[in-house]
Amino acid sequence: MKLLCKPADERYPGAQALKVDVEACLQRWDARAGAASWDLGPLTEAQRLDDGASSTQRTLDRLSPAARRAVALGACIGHELDAATLSQIAEQPQAEVNALLREAESAGILTPQRDEGAPDPLDDDALRLRFLHDGVHQAAYAALPDAERRAVHLRLGRMAEARSQRQRSDEALFEAAQHLNLGATLIIEPRERAELAAMNLTAGRKAKERGAPPAAADFFEAGISALPDGCFKEDHDLAFSLHAEAAECAYVGGQIERAEALLEVLAAEARSDLERARAHELRIAVYTTRGQIEEALALGKTALALLGVPLPEDGAAARKAAADAELAAARTALGARRLRDLLDEPETSDARTRAALRLLMSLTLPAALVSPPLFAFIAARQVNLSLERGHGGVSAYGYMAYAWVAARAFRRYDEAYELGELALEMGERSGQHELSCRLRLLLGAHVSPFAKHLLSSLDLFKEAHEAGLRAGDLTYVAQACVHTALVRFGLGDECEAVRDEVDGSLALARGAREELAVAALTSARRALDELMDPSRGGISRAPDSRAFHDAAQEERLATPSYSAVALVHCALRQQLCFLLEDYEGALRMGSLAEAKMQGGVGDHLATEVFFYTCLTQLSPALSRGRQLSAVSLASYRDRLSAWAEQCPDNYRHKHLLVRAESARAAGEELAAMKLYDQAIEAAKVNGFVRDEALASELCAKFHLASGRERIAHVYMMDAHEGYARWGATAKVRQLSRKYPHLVARMGILGQPSRPAESIPPSVERGGALDAMAVLRASRALSGELVLERLFERLLRVLSESTGARRAVLLLARDGALTVEAERTSDPEVVRVGPSTPLDAAAGLAASVVQHVAETQQPVVLGSAATDERFAEDPYVLEAGGRSILCLAMTHQGRLAGVIYMENDATAGYFRAGQVELCGLLASHAAVAVRNALRYREAQNASSELRRANEALAAEVERLTEELRQAGDREG
């Protein structure tokens with residue numbers, strides 16, 4: 001009897017080997033006994049051998065010689081093959097080829113290829129199969145001699161080339177180029193080799209457009225290999241273009257040595273100013289990657305001079321004068337236009353202008369690192385050049401750079417953000433894929449923090465990261481990684497999670513040879529190590545420089561090229577010094593960080609320097625002789641006040657905390673109490689875990705200094721638990737050792753329990769992790785601006801967090817509550833709208849909702865029917881012993897809505913511990929709903945304005961037509 005086995009599933013490559021080996025083991029079938037006899041010797045031997053390659057080879061060896069050759073030829077076609085193509089390259093009738101493929105299919109080498117809408121793959125007239133898995137394909141491919149393989153690929157390539165000329169598709173072009181490249185050594189005639197090189201250039205550019213840099217690099221390198229001798233003389237443009245494209249791909253792929261070798265060829269062979277400028281642009285990118293910023297700027301100056309776009313002379317005075325003039329011209333040019341009209345500016349066809357804009361773009365980041373005036377000049381020059389001569393492909397980047405200047409130098413944050421969003425739209429329209437990463441990085445790092453919650457920046461960084469990887473723009477991907485780490489550090493995301501992400505970013509930056517990014521990420525990594533080091537608790541000393549960088553790195557930080565890295569280094573050390581109560585060190589590090597800012601505040605980290613400098617100067621532990629002047633403190637506080645007014649989500653709590661410390665220093669205790677509480681609440685609502693803990697700690701110290709130890713206990717416990725949620729083990733341990741009587745939990749009899757030495761015990765830590773999960777969920781809500789999706793996401797998060805079988809969202813509108821959305825589970829049903837007044841809504845305890853709305857205090861009912869406050873509610877009377885959890889959504893003390901949840905499975909379902917977590921989420925939800933409502937109002941206003949404009953245009957057209965007809969009649 002023959003053992004019948006189902007064909008091996010390609011998802012389990014070992015299944016085919018098992019099928020074959022089991023067949024080898026079967027000896028005979030005993031019909032009377034209904035059993036088979038086995039010899040396990042072959043199976044034992046198979047296990048001893050390499051079960052992948054050897055089993056596959058044994059399967060191939062069992063095929064007939066003709067079938068083995070057919071399979072080997074088919075492997076040259078690819079992982080998938082069709083009988084018609086194989087018939088051509090094998091030079092056999094298709095009927096014979098079909099029979100050979102059937103044999104291979106029966107042996108489990110090939111499996112039918114099924115595509116929806118395609119002919120039946122088992123139809124002999126259109127037989128299409130694929131190899132079971134890569135191991136089988138590789139074994140079959142290796143069975144053919146190398147010389148024969150090349151000849152087969154050459155023939156396949158010529159067939160595919162003829163097909164691509166008919167189909168005009170990218171896929172056919174890629175297929176033709178790949179096969180011809182594998183057979184290129186057999187192409188001798190120079191004309192055909194030049195044609196193959198040109199094909200690779202086209203294929204590489206198309207692969208680059210599709211976001212496949214590795215594939216593009218392979219095509220460009222193959223094109224260079226295919227170039228005939230004397231290529232730069234015979235076809236200079238083709239040879240130069242291939243070398244330039246290959247150099248760019250090598251650079252973005254981290255193959256710096258290969259990029260430099262290609263750039264040497266370009267420098268020697270460049271004939272025109274445009275070609276020299278292109279070679280210089282690529283070398284500037286390499287210099288920037290290596291941190292050779294001064295060399296990059298010097299080369300850029302030379303390259304732009306070739307195109308008639310000079311940079312200002314070196315020196316601070318010359319650069320500032322040139323920047324002032326260029327910025328004035330840009331303001332005048334932009335002031336004469338509506339910003340939206342920039343989208344309709346004409347494109348230039350002048351190659352020199354387009355090359356100059358690309359060079360200016362490549363110099364923007366290096367200039368921003370070492371010379372703010374030169375950076376401002378370059379940003380404004382891009383705008384002026386685009387408006388004077390027409391947009392040049394990368395003009396969107398120039399407008400984004402100018403938005404950065406508007407935020408950094410002029411503090412015109414609303415204008416900057418509007419221009420930045422416009423630049424994003426312009427970039428999408430231009431089709432320049434490399435811009436997607438760069439534009440999002442600049443907007444998220446240098447403009448958005450002054451206009452939107454930092455979560456918006458994180459979203460932009462994530463999009464930049466993904467777009468940069470697709471485009472191979474690793475310099476900007478690495479910068480996105482740096483800014484992501486710094487923003488997450490500032491938000492107070494869990495240290496361990498941030499450190500894990502930084503480790504991944506470091507691996508990427510090192511692979512890309514992005515030295516500046518590696519240095520900055522190393523500072524962030526070691527700052528996190530300091531915070532998470534339990535041995536640091538209770539030791540008030542500055543973080544040792546050697547804990548951040550080695551001696552060579554410290555020396556590099558002193559160079560102008562590393563000034564931005566030095567800012568990161570000093571700013572993080574300033575924060576650590578303050579948190580670990582080394583106020584002298586914090587003051588010193590803050591001064592060094594401010595010097596590295598060179599007079600401008602260009603990102604969120606720079607605002608942190610001002611914040612911590614204010615807190616340090618106001619610290620009562622700092623010796624008076626070391627404090628800066630009151631004028632300096634006032635100027636810092638004014639900057640914080642302006643940012644708080646401009647973007648309260650990010651800066652209101654910081655400004656309130658500085659004001660609280662100022663009131664405390666001035667002896668205004670009542671004002672200080674109120675301001676501390678406002679700062680804590682604002683930090684909590686906006687999700688700044690670290691700053692909430694810091695404000696609680698400072699408030700606790702304030703009360704402790706005034707002898708209010710019981711009150712100090714409450715705030716210090718909040719600080720202790722907040723730092724634990726952040727994962728700052730060193731800070732948790734410091735508070736435990738310094739204030740054991742304040743951070744100890746109160747026992748059952750009111751006596752302090754043993755203080756926590758580090759992160760709280762497992763039970764408490766589990767709660768902290770729950771809080772972090774809710775916090776992350778709230779951040780996801782903050783990024784959602786579509787109201788319906790926000791409602792659905794909020795109710796889902798609440799239901800999954802609490803186990804509620806039913807959740808209802810009510811909003812406060814015009815003094816009344818309306819039901820806006822509802823979610824039930826088992827089965828899951830989500831209903832959004834229409835708005836229903838509370839008194840007309842069914843299916844909830846209206847008296848509970850009304851009580852929560854009036855008192856803004858949560859209600860947790862183990863059994864609704866047993867609470868006398870709500871016993872007369874019709875719904876409670878009908879529903880009986882349901883568990884109910886109801887919370888107010890408040891923003892800045894005002895009711896925004898109510899969240900109502902219930903579970904009918906068991907009484908007492910909701911835990912009291914869930915109230916705080918859900919309350920935190922409700923506070924975030926109130927902010928998110930407010931933002932989404934504002935967004936909808938803005939969208940509606942925009943739509944109404946558009947409709948009004950369209951109606952006005954139609955009316956003008958109608959009147960114009962009537963006037964024309966009247967004129968015709970008079971004529």
Side-chain angles (χ1 to χ4, degrees), residues 209 211 330-331 333-348 353-354 357-358 360-361 364 379-380 382-407 412-453 455-468 470-471 473 476 480 483 783-786 789 931-932 934-947 949-950:
E209 289 172 2
R331 285 198 297 271
L334 288 173
R337 294 168 169 81
R338 290 189 312 166
L339 289 182
R340 294 292 304 177
D341 291 342
L342 295 175
L343 294 172
D344 301 321
E345 288 288 325
E347 287 282 326
T348 181
T353 298
R354 300 177 78 88
L357 286 170
R358 289 194 62 84
L360 289 166
M361 178 175 70
T364 302
Q382 291 175 76
V383 171
N384 291 328
L385 201 60
S386 295
L387 295 178
E388 291 165 7
R389 304 183 188 178
H391 285 176
V394 297
S395 292
Y397 185 92
Y399 290 115
M400 186 65 80
Y402 184 82
W404 181 359
V405 174
R412 297 203 299 268
Y413 301 115
D414 290 335
E415 177 187 332
Y417 191 80
E418 182 183 1
L419 184 57
E421 285 200 312
L422 192 73
L424 271 187
E425 184 176 349
M426 191 182 298
E428 295 299 323
R429 291 190 182 188
S430 73
Q432 298 282 327
H433 298 293
E434 67 177 315
L435 295 182
S436 182
C437 171
R438 301 182 180 198
L439 295 176
R440 283 166 172 76
L441 171 65
L442 296 192
L443 182 63
H446 305 295
V447 180
S448 182
F450 302 99
K452 302 290 181 181
H453 195 287
L455 294 171
S456 298
S457 292
L458 288 182
D459 289 341
L460 287 165
F461 297 151
K462 181 180 179 181
E463 293 169 4
H465 191 277
E466 293 169 352
R470 287 195 301 271
D473 194 358
Y476 279 80
H483 284 285
E784 182 60 74
L785 292 177
V786 178
R789 291 205 300 262
N931 293 338
R934 287 182 176 178
Y935 179 76
R936 169 166 287 186
E937 290 169 1
Q939 292 290 92
N940 291 340
S942 177
S943 298
E944 291 175 6
L945 180 60
R946 184 171 61 255
R947 286 193 294 269
N949 289 337
E950 290 171 354

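On a predicted model such as this, the values are computed, not experimentally measured, just so you know.
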Interatomic spacing from [atom1] in [X] to [atom2] in [Y] - rounded to 0.5 Å:
{"X": "D473", "Y": "L441", "atom1": "CG", "atom2": "CG", "result": "9.5 Å"}
{"X": "E415", "Y": "R331", "atom1": "CD", "atom2": "CZ", "result": "9.5 Å"}
{"X": "E418", "Y": "R340", "atom1": "CD", "atom2": "CZ", "result": "8.5 Å"}
{"X": "L422", "Y": "R338", "atom1": "CG", "atom2": "CZ", "result": "11.0 Å"}
{"X": "Y397", "Y": "L360", "atom1": "OH", "atom2": "CG", "result": "10.5 Å"}
{"X": "R354", "Y": "S386", "atom1": "CZ", "atom2": "OG", "result": "10.0 Å"}

Qualifying residue for salt bridge (Lys or Arg N to Asp or Glu O under 4.0 Å) with R440, from E421, E466, E463: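 Among E421, E466, E463, the one that satisfies the salt bridge (Lys or Arg N to Asp or Glu O under 4.0 Å) with R440 is E463.
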Minimum heavy-atom separation for [X] and [Y], please, with both atom names.
{"X": "A401", "Y": "T364", "answer": "CB-CG2, 4.0 Å"}
{"X": "H391", "Y": "L342", "answer": "CE1-O, 3.1 Å"}
{"X": "N384", "Y": "A330", "answer": "OD1-CA, 3.1 Å"}
{"X": "A406", "Y": "A416", "answer": "CB-CB, 4.0 Å"}
{"X": "S436", "Y": "E428", "answer": "OG-OE2, 4.2 Å"}
{"X": "Y413", "Y": "A407", "answer": "CE2-O, 3.3 Å"}

For H446, enumerate each residue passing the ring-ring contact (aromatic ring centres under 6.0 Å, His included) test, keeping only those at least two apart in sequence or located in another chain.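 ring-ring contact (aromatic ring centres under 6.0 Å, His included) check on H446 returns W404, H483.
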Test ring-ring contact (aromatic ring centres under 6.0 Å, His included) applied to Y402 - qualifying residues, sequence neighbours left out: none
Step by step, work out the side-chain contact (heavy atoms from CB on, under 4.5 Å) result for L435 and M361. CA-CA 10 Å; L435 295 182; M361 178 175 70; 3.7 Å; yes
Begin from the C-alpha positions of V447 and L442 and carry the test side-chain contact (heavy atoms from CB on, under 4.5 Å) through to its verdict. CA-CA 7 Å; V447 180; L442 296 192; over 6 Å; no
How far apart are the C-alpha atoms of R337 and L387, what are their side-chain angles, what is the distance that settles it, and do they pass the side-chain contact (heavy atoms from CB on, under 4.5 Å) test? CA-CA 10 Å; R337 294 168 169 81; L387 295 178; 3.8 Å; yes
Excluding sequence neighbours, so at least two apart, what forms side chain to side chain contact (heavy atoms under 4.5 Å, CB included) with S457? S448, P449, L454, F461
Could you go through Y399 and L334, starting from their C-alpha distance and side-chain angles, then the distance that decides it, and tell me whether this counts as side-chain contact (heavy atoms from CB on, under 4.5 Å)? CA-CA 10 Å; Y399 290 115; L334 288 173; 4.2 Å; yes
Run S395 and E345 through side chain to side chain donor-acceptor pair (under 3.5 Å) and show every step you take. CA-CA 10 Å; S395 292; E345 288 288 325; over 6 Å; no
